[in-house]
Amino acid sequence: DAGVIQSPRHEVTEMGQEVTLRCKPISGHDYLFWYRQTMMRGLELLIYFNNNVPIDDSGMPEDRFSAKMPNASFSTLKIQPSEPRDSAVYFCASSLQRGPMGETQYFGPGTRLLVL
Amino acid sequence: AQKVTQAQTEISVVEKEDVTLDCVYETRDTTYYLFWYKQPPSGELVFLIRRNSFDEQNEISGRYSWNFQKSTSSFNFTITASQVVDSAVYFCALSVEGDDYKLSFGAGTTVTVRA
């Protein structure tokens with residue numbers, strides 16, 4: 001089975017531009033998560049979805065960030081306008097379900113974002 | 001609130017040495033899961049193991065072994081006979097029932113295995 005797929009793998013943009021990161025979760029997984037990894041703050045959960053519905057977006061840094069999940073196989077994380085401090089690696093992860101047999105999150109390869 | 005502490009920032013060993021990574025967690029929940037992930041230089045996060053709070057059995061998988069002790073709130077990870085390919089950042093993580101099983105990560109331990 002294919003793992004979590006993210007695109008693009010690398011993105012370089014200029015401050016003020018819109019950035020869209022994409023994620024395809026593992027087929028059949030009910031939960032999708034967006035994380036950000038930086039040297040200063042480590043791995044931070046930004047938002048997660050259950051069955052395409054956003055459950056907790058308390059980790060989203062500010063209104064410039066938005067995430068959508070229009071269907072079970074696709075999610076986007078958008079930054080508009082982008083700023084240099086948004087430079088980080090953004091990971092998408094998915095998990096099968098909550099409860100005793102679930103919870104294990106499988107991560108995509110990440111998108112390395114550099115905002116100049 | 002949940003917390004994971006990986007006190008070791010960096011560990012450097014020579015190939016074939018054993019290396020143990022410490023992980024201490026804090027939670028008031030009785031139902032929780034502990035994880036180890038590996039992040040090699042290529043950058044992806046690779047799931048290694050999951051243990052639940054009701055199963056304190058230690059586990060061995062090849063050269064990897066894990067020691068879960070609820071009495072000390074620790075979930076330590078040992079690599080036996082380390083190899084250069086083991087060089088990576090290793091993250092310990094915790095998810096608890098009371099926080100909808102959201103993952104809380106430790107800061108990570110960078111392991112460098114020298115040939």
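- No continuous path of hydrophobic side-chain contacts links Val111(B) to Val46(B) [ILVMFWY only; heavy atoms under 4.5 Å].
- With Leu45(B) as the fixed residue, the side-chain contact (heavy atoms from CB on, under 4.5 Å) test singles out one of Val4(A), Leu43(A), Val89(A): Leu43(A).
- The structure places OG1 of Thr104(A) at 4.0 Å from CZ of Arg50(B), a figure rounded to the nearest 0.5 Å.
- Of the two parts of Tyr37(B), only the side chain, counted from C-beta on, holds a non-hydrogen atom closer than 4.5 Å to a non-hydrogen atom of chain A.
- In this structure the side chain of Tyr35(A) reaches within 4.5 angstrom of the side chain of Leu103(B), judged on heavy atoms.
- In terms of hydrophobic clustering, with Ile, Leu, Val, Met, Phe, Trp and Tyr side chains grouped at heavy-atom distances under 4.5 Å, Trp66(B) and Val19(B) are assigned to a common cluster.
- At a threshold of 4.5 Å between non-hydrogen side-chain atoms, the residues Gln37(A) and Phe105(B) do not count as touching.
- Applying the ring-ring contact (aromatic ring centres under 6.0 Å, His included) rule to Tyr25(B) yields the partners Tyr32(B); only residues at least two apart in sequence or on another chain are considered.
- Phe91(B) and Trp36(B) fall into different hydrophobic clusters, where Ile, Leu, Val, Met, Phe, Trp and Tyr are joined by side-chain heavy atoms under 4.5 Å apart, directly or via other members.
- Phe47(B) and Phe107(A) have their aromatic ring centers separated by at least 6.0 angstrom.
- Shown here is Glu14(A), whose CD atom has no more than 12 heavy atoms of other residues, nucleotides or ligands within 6.0 Å.
- No part of Asn50(A) comes within reach of chain B, as not one of its non-hydrogen atoms sits under 4.5 angstrom from that chain.
- Contact of Arg112(A) with chain B is made through the side chain alone, with heavy-atom distances under 4.5 Å.
- The side-chain heavy atoms of Asp100(B) and Ile55(A), taken from C-beta on, include a pair separated by under 4.5 Å.
- Cluster membership for Leu21(A) and Val12(A), using ILVMFWY side-chain heavy atoms within less than 4.5 angstrom, is not shared.
- Crowding of Asp63(A) atom CG: a count of heavy atoms from other residues, nucleotides or ligands under 6.0 Å not exceeding 12.
- In plain terms, the two heavy atoms of Tyr101(B) and Gln105(A) that are nearest each other are O-NE2, 4.2 Å.
- Hydrophobic clustering (ILVMFWY, side-chain heavy atoms < 4.5 Å, transitive): Phe49(A) and Leu77(A) are in one cluster.
- Scanning both residues, Phe91(A) and Glu44(B), for their nearest heavy atoms gives CE2-CA, 4.4 Å.
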